[in-house]
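The next block holds one structure in the form of structure tokens; read it before the comments.
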Amino acid sequence: MIETLPLEIELTSQSRIDGVDFENLGFGRVFSDHMLVAEYKNGEWVSAKVMPYGNLYMSPAMSVLHYGQSIFEGLKAQYMKDGRISVFRPWENHKRMLASAERMCMPAVPEDLFIGGIKQLIEIDKKWIPKQKGASLYIRPFMFASEEFLGVRPSQEYKFIIFTCPVGNYYSEPVRLKIETHYSRVAQGGIGCAKTAGNYAASLYGAVKVQKMGYHQALWTNSLTHEYIEEVGTMNIMFRIGNRVLTPELGDTILKGVTRDSVLTLAREWGYEVEERKVSVKEIAEALQNGMLDEAFGLGTAAVVAHVKVMHYDGKDYELPPLEKRTLANKIYDYLIQLRNGDIEDTHNWLLIL
Ligand code: COI
């Protein structure tokens with residue numbers, strides 16, 4: 001399936017699937033039988049191999065371990081009602097990986113390797129796609145600097161890997177968020193828009209602090225003044241006030257979410273007034289205080305649509321309306337599930353069908 005590179009295939013003789021409890025998958029703990037590993041050297045992708053999922057050999061001087069050149073993607077596949085398999089908007093993930101690679105001084109992964117690799121792996125490991133409601137096969141393509149060298153400059157060697165894992169929901173319940181006005185995830189002019197490991201590392205300290213206070217995640221604000229809402233780190237954020245749908249505009253501090261983009265498209269088509277702009281903490285706090293905030297929800301590949309149950313701001317918890325009143329988030333969730341299942345027509349050409 002990968003036409004530009006010779007692809008070697010080594011299949012496992014011992015599938016691990018019989019030991020998997022598909023009813024209790026959680027997120028990111030169970031890994032399918034195979035992975036694809038491609039290598040970049042001397043300015044080109046030189047090899048690609050599908051092999052049994054397993055540990056990698058690495059030098060302690062490998063560049064990524066010291067200077068963090070590492071980017072990744074996340075996308076999902078599932079069975080459709082007619083037995084075919086749908087993958088949601090993989091071309092968008094590929095484009096975002098190219099943008100992340102450019103920002104992190106890493107080489108471009110050819111579309112043929114990215115999409116062709118996904119197709120190949122799914123074909124080999126399709127029995128790992130869960131059939132349980134709400135579950136799917138999460139696909140994790142990633143690339144890291146693999147040169148054995150300690151000088152600070154872009155690595156000259158990389159590995160691109162794809163593995164897959166059957167997953168359930170990322171959040172098993174509606175989330176409690178704390179609007180964070182002290183710590184920052186990313187800085188203006190930095191790498192917040194790249195899907196790179198460092199952004200997740202930078203979010204951990206603040207996230208652990210809010211988790212100790214009983215929240216699931218921090219809702220990050222701009223690092224300079226903490227006046228504007230940005231994103232959650234594990235997902236983008238959206239608010240509904242009446243017929244208005246508000247979400248922070250993209251820039252160098254916000255990840256360009258594929259689910260975010262899909263939902264904005266749908267919300268516009270469904271007649272909502274979509275406002276993609278700077279969303280101030282003040283206006284959201286006022287809407288919370290006046291009981292005007294009808295819905296807040298996170299959006300991401302892993303999270304899909306995560307209802308926000310509670311938002312904390314300035315020493316106070318605000319409870320949002322009950323889930324049955326979340327008309328937009330519920331409609332989006334149903335739409336995305338039905339689309340991927342083949343229950344409704346793919347009018348936007350969002351699905352890669354295998
Ligand atoms: C995704 O939604 O795919 C992500 O990469 C987020 C991560 C927190 C799992």
Side-chain angles (χ1 to χ4, degrees), residues 25-32 70-78 86-101 103-104 109 114 118 121-122 129-130 134-144 160-173 175 177 180 185-186 191-208 210-211 215-220 230-238 247 250 253-263 297-308 329 332-333 336-337 340 350 352:
L25 288 168
F27 182 89
R29 294 188 184 282
V30 178
F31 303 98
S32 316
S70 168
I71 59 175
F72 70 95
E73 276 302 322
L75 59 164
K76 279 180 174 170
Q78 68 184 57
S86 67
V87 187
F88 189 67
R89 305 190 76 183
W91 310 279
E92 294 306 311
N93 294 89
H94 176 245
K95 275 192 224 155
R96 189 170 63 185
M97 186 160 225
L98 293 180
S100 299
R103 185 64 183 81
M104 300 302 292
V109 174
F114 188 94
I118 288 172
L121 265 189
I122 289 181
I129 302 174
S136 45
L137 189 76
Y138 185 77
I139 304 160
R140 174 53 68 90
F142 65 109
M143 181 187 358
F144 59 89
F160 170 68
I161 299 183
I162 311 175
F163 62 74
T164 67
C165 38
V167 296
N169 291 330
Y170 190 82
Y171 292 110
S172 53
E173 56 184 1
V175 296
L177 300 181
E180 180 57 57
R185 184 186 83 101
V186 299
I191 53 174
C193 58
K195 202 159 174 65
T196 184
N199 290 333
Y200 294 81
S203 74
L204 296 179
Y205 188 78
V208 168
V210 304
Q211 280 154 11
Y215 303 95
H216 290 89
Q217 281 295 341
L219 177 52
W220 301 103
E230 295 201 322
E231 60 152 292
V232 181
T234 51
M235 54 194 180
N236 294 113
I237 188 84
M238 229 169 253
T247 197
L250 296 175
T253 57
I254 295 180
L255 191 76
K256 192 175 175 195
V258 178
T259 313
R260 174 190 179 280
D261 177 77
S262 313
V263 170
F297 46 93
L299 297 160
T301 297
V304 191
V305 181
H307 293 292
V308 179
I332 293 164
Y333 182 80
L336 293 177
I337 296 296
R340 293 170 188 188
W350 282 345
L352 167 69

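Order of listing sets the numbers, starting from 1, for every ligand and every atom in it.
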Can you list every pair that meets side-chain hydrogen bond (donor to acceptor under 3.5 Å, both in side chains) and has a residue in residues 193-203, with sequence neighbours left out?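 Listed once each, the pairs are Lys195-Tyr200.
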
Please name the residue in the list Thr247, Leu255, Leu299 that meets the side chain to side chain contact (heavy atoms under 4.5 Å, CB included) test with Glu231.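 Of the listed options, the one satisfying the test is Leu255.
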
Note down each nitrogen or oxygen pair, ligand 1 side and protein side, whose separation is under 3.5 Å; give only atom names and the distance to 0.1 Å.
residue: ligand 1; atom: 2 (O); partner: Thr301; partner atom: N; Å: 3.3
residue: ligand 1; atom: 2 (O); partner: Ala302; partner atom: N; Å: 2.8
residue: ligand 1; atom: 3 (O); partner: Tyr138; partner atom: OH; Å: 2.6
residue: ligand 1; atom: 5 (O); partner: Tyr138; partner atom: OH; Å: 3.3
residue: ligand 1; atom: 5 (O); partner: Lys195; partner atom: NZ; Å: 2.8

So Glu92 and Lys256, salt bridge (Lys or Arg N to Asp or Glu O under 4.0 Å) or not? Walk me through it. CA-CA 10 Å; Glu92 294 306 311; Lys256 192 175 175 195; 5.7 Å; no

N/O donor-acceptor pair under 3.5 Å between Arg185 side chain and Ile254 backbone: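 Answer holds: no.
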
Whether the side chain of Thr164 engages the backbone of Leu137 through a donor-acceptor N/O pair (distance < 3.5 Å, no angle test) should be reported.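 It does not hold such a pair.
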
Can we call the ring centroids of Phe27 and Tyr171 under 6.0 Å apart?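 For Phe27 and Tyr171, the ring centres are not under 6.0 Å apart.
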
